[in-house]
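The sequence lines fix the lettering, A, B, ..., with proteins before strands; numbering per chain opens at 1. Hydrogens, waters and symmetry mates play no part in the numbers below; they use all other heavy atoms, side chains included.
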Amino acid sequence: MAERLEDLNLPVTAITRIAKEVLPANIIVSKEAKTALARAASVFILYVSNQATTIATSRNKKTISAQDVLEALAQVDFECLIEPLQQLLEDFKSTKQQKKDTKKPTPNKNADDADVVDLVDDDLEL
Amino acid sequence: MSAFNNSSTSSDQNDPNKDKSKTPKSKDMHLPISRVRTIMKSTPDIENIGLPSLHVVTKATELFIQKLAQDALKGQRHFRHLEYNDLARAVEENENMYFLREVLPKKITMAEYYKLVGKESSEDGEDNDNSSQTSHSSSSSVSSDN
């Protein structure tokens, strides 16, 4: 929960940089437009998370899952954002899996390289 | 700038261990996740937020900003400039940005404002004559604070 009202603001510099990624290089974004973009982004987060909360509670869940967020986006007519997000989610899952896999062998043994190779092979077979 | 380039290329070539752990450029391009979580936590009735969903919301917000900026650029009035009113117009034209209408209201001049007010209450004709003199002020009718 945000204690002060400023806690709801997003950094304008980061917002500007993200927006400029898709804008032509020579475009000048006015200061007012930058703060407006930041404000819109904050409201968007609240809007989506509110929708996702409704979905999660309707399923008697206490934790909002990524699937809830994706469904919330679909409900508020932002289907166009879903596809790139699903890609991100896959990447997120695979990196998590990789971290697990790399963590597994190290605490058990670090005596011989041969053992580590064997463990990795086992993981691949599974 | 050149110094930064040199250092990054040298670290790439010489230390294969280092460049795996840090990618400073890409980190700058993202929104702060902790701040996104704070904003999400301000939602009424919210309980817990899973880490994947936090990442998804952060990325969704980034994509949303880019979409809004691109839409605003389409109806841009001033050459090479992106102004507040371009954003407000994009919000007005897109059905799915309805939720932003009160956050980013379109700015109108006082003259336009009095015209709107005049239409609604045309009985009070005397006030309109006085008010049209202060028509150069550019701020809008709405300045809602919470």
Side-chain angles (χ1 to χ4, degrees), chain A residues 1-2 5 7-11 14-15 17-24 26-30 32-33 35-50 52-54 56-57 61-70 73 76-78 80-82 84-85 88-89 92-93 96, chain B residues 28-32 35-70 72-73 76 78-88 90-91 94-100 102-104 107 145-146:
Chain A
M1 188 73 190
L5 204 57
D7 289 343
L8 296 180
N9 295 344
L10 289 160
I15 298 274
R17 225 177 279 136
I18 290 162
K20 284 203 171 169
E21 253 181 272
V22 292
L23 297 177
N26 52 6
I27 286 277
I28 298 163
V29 184
S30 77
E32 211 178 8
T35 47
L37 270 177
R39 206 143 36 105
S42 296
V43 176
F44 176 79
I45 295 172
L46 282 171
Y47 183 55
V48 171
S49 74
N50 187 39
T53 313
T54 316
T57 45
K61 287 193 298 182
K62 285 197 171 179
T63 305
I64 292 172
S65 70
Q67 201 54 44
D68 296 335
V69 176
L70 292 179
L73 283 170
V76 296
D77 263 0
F78 278 103
C80 51
L81 305 183
I82 292 177
L85 289 173
L88 174 99
L89 205 60
F92 189 76
K93 277 178 186 165
K96 220 176 179 182
Chain B
D28 288 345
M29 303 309 288
H30 296 305
L31 292 173
R35 182 51 61 92
V36 174
R37 194 208 318 245
T38 314
I39 297 172
M40 283 182 81
K41 282 272 183 192
S42 305
T43 313
D45 301 330
I46 203 159
E47 300 260 356
N48 300 314
I49 304 160
L51 191 61
S53 58
L54 188 59
H55 279 269
V56 169
V57 170
T58 309
K59 187 68 188 172
T61 312
E62 289 172 18
L63 293 172
F64 167 74
I65 294 165
Q66 297 184 334
K67 190 180 180 302
L68 180 56
Q70 277 174 324
L73 196 68
Q76 157 210 30
H78 303 279
F79 182 62
R80 284 192 182 173
H81 283 260
L82 195 69
E83 307 279 348
Y84 173 89
N85 263 353
D86 299 325
L87 294 171
V91 167
N94 281 307
E95 191 100 327
N96 55 6
M97 297 197 187
Y98 193 88
F99 68 101
L100 283 176
E102 280 175 31
V103 183
L104 300 183
K107 282 193 178 182
D145 280 45
N146 289 326

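Between B:Ser53 and A:Ile64, the shortest heavy-atom distance links the atoms OG-O, 2.9 Å. Pairing each heavy atom of A:Ala19 with each of B:Ile65, the nearest pair is CB-CG2, 4.0 Å. Listed here is the closest heavy atom pair of A:Val43 and B:Phe99: CG1-CD1, 3.9 Å. Here the shortest heavy-atom pairing between B:Ala69 and A:Leu23 reads O-CD2, 3.8 Å. Residues A:Leu81 and B:Ala60 come closest through the heavy atom pair CD1-O, 3.9 Å. Across B:Arg35 and A:Asp7, no two heavy atoms sit closer than the pair CD-O, 2.9 Å.
Both the backbone and the side chain of A:Ile15 come within contact range of chain B, judged by heavy atoms closer than 4.5 Å. With a 4.5 angstrom heavy-atom cutoff, B:Leu100 touches chain A only via side-chain atoms. Only the backbone of A:Ser65 comes within contact range of chain B, with at least one heavy atom under 4.5 Å from a heavy atom of that chain. Interface remark: A:Leu70 contributes side-chain atoms only to the contact with chain B (heavy atom separation under 4.5 Å). The contact between A:Tyr47 and chain B is made entirely by side chain atoms (from C-beta outward), counting heavy-atom distances below 4.5 Å.
The closest side-chain heavy-atom distance from A:Leu10 to B:Ile39 is below 4.5 Å. No side-chain heavy atom of A:Ser49 sits less than 4.5 Å from a side-chain heavy atom of B:Val57.
For A:Glu32 (side chain) and B:Glu83 (main-chain N/O), no donor-acceptor pair under 3.5 Å exists by modelled atom type. The backbone N or O of B:Leu104 sits nowhere less than 3.5 Å from a side-chain atom of A:Arg39 that would complete a donor-acceptor pair. When atom types are taken as modelled, the side chain of A:Asp77 and the backbone of B:Asn96 share no donor-acceptor pair closer than 3.5 angstrom.
Atom CE of B:Met40 sits about 10.5 Å away from atom CG of A:Asn50, to the nearest 0.5 Å. One distance of note links NZ of B:Lys41 with CG of A:Leu8; it measures 14.5 Å at 0.5 Å rounding. A distance of 12.0 Å separates OG1 in A:Thr63 from CG in B:Leu51, rounded to the nearest 0.5 Å. In this structure, B:Gln70 CD and A:Glu21 CD are separated by 10.5 Å, a value rounded to the nearest 0.5 Å. B:Phe79 contributes atom CZ, which lies 6.5 Å from atom CG of A:Asn26 (distance to the nearest 0.5 angstrom).
The local environment of CG in B:Asp45 is sparse, with at most 12 non-hydrogen atoms from other residues, nucleotides or ligands closer than 6.0 Å.
Contacts with chain B were tallied for A:Asp68, A:Ile82, A:Ile45, A:Thr35; A:Ile45 has the most, counting heavy-atom pairs under 4.5 Å. When the candidates B:Asn85, B:Leu63, B:Leu68 are compared by the number of heavy-atom contacts under 4.5 Å with chain A, B:Leu63 comes out ahead. Chain A forms the most heavy-atom pairs under 4.5 Å with one residue out of B:Ala72, B:Gly50, B:Pro44, and that residue is B:Gly50. Contact count versus chain A (heavy atoms, under 4.5 Å) is highest, among B:Glu47, B:Met97, B:Arg80, for B:Arg80. Annotation: maximal heavy-atom pairing with chain B below 4.5 Å, among A:Pro11, A:Ser30, A:Ala38, occurs at A:Ser30.
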- Message: Applying side-chain contact (heavy atoms from CB on, under 4.5 Å) to B:Val56 and A:Phe92, what does each step give before you reach the verdict?
- Response: CA-CA 10 Å; B:Val56 169; A:Phe92 189 76; over 6 Å; no
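Side chains of A:Thr53 and B:Thr43: a donor-acceptor N/O pair is absent below 3.5 angstrom, by distance only.
Shown are A:Ile27, A:Val29, A:Val22; of these, the side-chain contact (heavy atoms from CB on, under 4.5 Å) with B:Leu73 is made only by A:Ile27.
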